[in-house]
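One structure is given below, encoded as structure tokens.
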Amino acid sequence: MYHIDILTLFDETVGDMMSESILGRAQERDILRIEAHQIRDYTVDKQKQVDNYPYGGGRGAVMQADPLYRCWEHAKSLGEGPVRTIYLSPAGKTFTEADARRLRDDYNHLILVCGHYEGIDERFIEECVDEEISLGDFVLTGGEIPAMAVADAVARLVPGVLADPECFEDESHWNGMLEYPQYSRPEEWHGRKVPSILLSGHHANIAKWRRKQSIIRTRDRRPDLYARLDLSSKADQKLLREIEEEERKARRDGE
């Protein structure tokens, strides 16, 4: 079983969210376990204080090391196999699909630490945290949203959580590309029709069309990803020529 423990000040909110839908059903089948731990339960004073003023002055408060450590020790005792402790921090490395795959492949137990206020005592980070992860170059009021995002991204890759590996292997970022457009019923909506190729039943042609659309979408929306793609195969080179010809024809027709 894959274990994910989330250290938070909002355990009920996080726990409820992580127990819904696909992740909830996976936990019912004992494929994984996601548990949120209330950091305040590990304080030693009646006020259940988890923060205090920062040394050196400044605005705000800093989460104290000791309640975090006690909570972390308990969470660490619950899992089996390799464990990885991650602090969700705007100073961390930006999270990617490759990180989700690495965390699934290399560990059986994740501990995700949610910070608040002005952050957490650096001494806890130095002693207990293996890596810091960020969702991007912005700041949130707490680490719960990033922690749930990381937990969801990793958990859905655990064997058995989704019906088939194809459920995530065809999606954006798995192979460095963005996913092709998707369509559902009805065949026509607001005057917009589903591409006829998807109605053909010709699986090879559909796969070719989807690959072509992924290339175009990645090129247009994420040139940084496109620049790193390996499109040197004969099949991809043929698709690139087709794309170029189709776009050239569209420009001519539009003149």
Side-chain angles (χ1 to χ4, degrees), residues 1-8 10-38 71-72 74-89 92-114 129-136 140 142-184 203 206-207 210-211 214 217-218 222 225:
M1 184 189 301
Y2 198 98
H3 293 252
I4 301 177
D5 291 290
I6 302 175
L7 280 51
T8 172
F10 300 95
D11 56 310
E12 292 185 359
T13 300
V14 172
D16 288 347
M17 187 65 185
M18 293 285 95
S19 297
E20 294 291 336
S21 188
I22 292 171
L23 300 187
R25 291 193 292 272
Q27 293 184 73
E28 291 173 359
R29 302 198 308 273
D30 292 329
I31 295 171
L32 62 90
R33 190 212 67 200
I34 304 175
E35 186 173 352
H37 304 270
Q38 172 56 258
C71 187
W72 174 80
H74 173 70
K76 191 177 180 182
S77 70
L78 300 177
E80 299 177 355
V83 61
R84 188 76 166 171
T85 299
I86 298 169
Y87 171 41
L88 288 308
S89 161
K93 172 188 176 293
T94 302
F95 186 66
T96 67
E97 184 71 17
D99 291 311
R101 293 165 70 173
R102 169 177 60 85
L103 294 173
R104 180 209 55 183
D105 292 342
D106 295 351
Y107 305 97
N108 295 327
H109 185 194
L110 297 184
I111 300 177
L112 307 179
V113 183
C114 303
V129 171
D130 297 306
E131 66 178 290
E132 298 183 39
I133 281 179
S134 169
L135 289 192
L140 299 171
E144 281 72 22
I145 291 175
M148 288 190 289
V150 170
D152 189 290
V154 175
R156 66 192 302 276
L157 302 181
V158 173
V161 173
L162 298 183
D164 191 276
E166 187 176 323
C167 295
F168 51 75
E169 289 176 357
D170 279 347
E171 292 184 329
S172 293
H173 302 294
W174 180 261
N175 59 0
M177 301 175 69
L178 301 186
E179 188 180 10
Y180 47 80
Q182 296 276 19
Y183 299 87
S184 186
H203 298 299
I206 291 172
R210 285 174 167 171
R211 176 72 176 178
S214 287
R217 181 168 282 193
T218 305
R222 290 293 303 272
L225 295 178

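Treat the numbers as computed from the prediction; the structure is a model and nothing was measured.
Pairing each heavy atom of Leu225 with each of Thr218, the nearest pair is CB-CG2, 3.9 Å. Heavy atoms only, all atoms of each residue included: Gln182 and Glu179 are closest at NE2-OE2, 2.9 Å. The shortest non-hydrogen separation linking Glu80 to His109 is O-CB, 4.2 Å. Closest approach of Ala155 and Ile34 over heavy atoms only: CB-CD1, 4.4 Å. Of all heavy-atom pairs spanning Leu178 and Arg222, the tightest one is CD1-CG, 3.8 Å. Counting all heavy atoms, side chain and backbone alike, Asp16 lies closest to Glu20 at O-CG, 3.3 Å.
With contacts defined as side-chain heavy-atom distances shorter than 4.5 Å, the pair Arg101/Leu157 qualifies. Looking at heavy atoms from C-beta onward, Cys114 lies in side-chain contact with Ile6 at the 4.5 angstrom threshold.
In this structure, CE on Met177 lies 4.5 Å from CZ on Arg211, to the nearest 0.5 angstrom. Atom CG of Leu112 and atom CE of Met148 lie 11.0 Å apart (nearest 0.5 Å). The line from CG of Asp152 to CG of Leu23 is 5.0 Å long, rounded to the nearest 0.5 Å. Interatomic distance, CD1 of Ile111 versus NE2 of His74, reported as 10.0 Å (0.5 Å rounding). To the nearest 0.5 Å, the span separating CD1 on Ile86 from CG on Leu7 amounts to 12.0 Å. Here Ile4 contributes atom CD1 and Leu78 contributes atom CG; the two are 13.5 Å apart, rounded to the nearest 0.5 Å.
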- Decide side-chain contact (heavy atoms from CB on, under 4.5 Å) for Gln27 and Leu32; before the verdict, give the C-alpha distance in whole Å, the side-chain angles of both, and the deciding distance to 0.1 Å. CA-CA 5 Å; Gln27 293 184 73; Leu32 62 90; 3.5 Å; yes
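Checked by atom type and distance alone, the side chain of Arg84 never pairs as donor or acceptor with a backbone atom of Tyr107 at under 3.5 Å. In this structure, Ser214 contributes its side chain and Tyr180 its backbone to a donor-acceptor pair below 3.5 Å.
Partners of Phe95 under the ring pair (Phe, Tyr, Trp, His ring centres under 6.0 Å) rule, at least two apart in sequence or in another chain, do not exist in this structure. Every side-chain contact (heavy atoms from CB on, under 4.5 Å) that Ala36 has, sequence neighbours left out, goes to Thr8, Asp11, Val14. Looking at residues two or more places apart in sequence or on another chain, you find no side-chain contact (heavy atoms from CB on, under 4.5 Å) involving Ser134. With sequence neighbours left out, Lys76 forms a side-chain hydrogen bond (donor to acceptor under 3.5 Å, both in side chains) with no residue at all. The side-chain contact (heavy atoms from CB on, under 4.5 Å) test applied to Leu140 returns Phe138, Ile145, Pro146, not counting sequence neighbours.
Sorted by first and then second residue, the salt bridge (charged side-chain N to carboxylate O under 4.0 Å, His left out) pairs with a member in residues 23-37 read Asp5-Arg33, Arg33-Glu35; sequence neighbours excluded.
A side chain to side chain contact (heavy atoms under 4.5 Å, CB included) with Tyr2 is found for exactly one of Val161, Val154, Ile31, namely Val154.
Between Glu131 and Lys93 there is no salt bridge, since no side-chain nitrogen of the basic residue lies less than 4.0 Å from a carboxylate oxygen of the acidic one.
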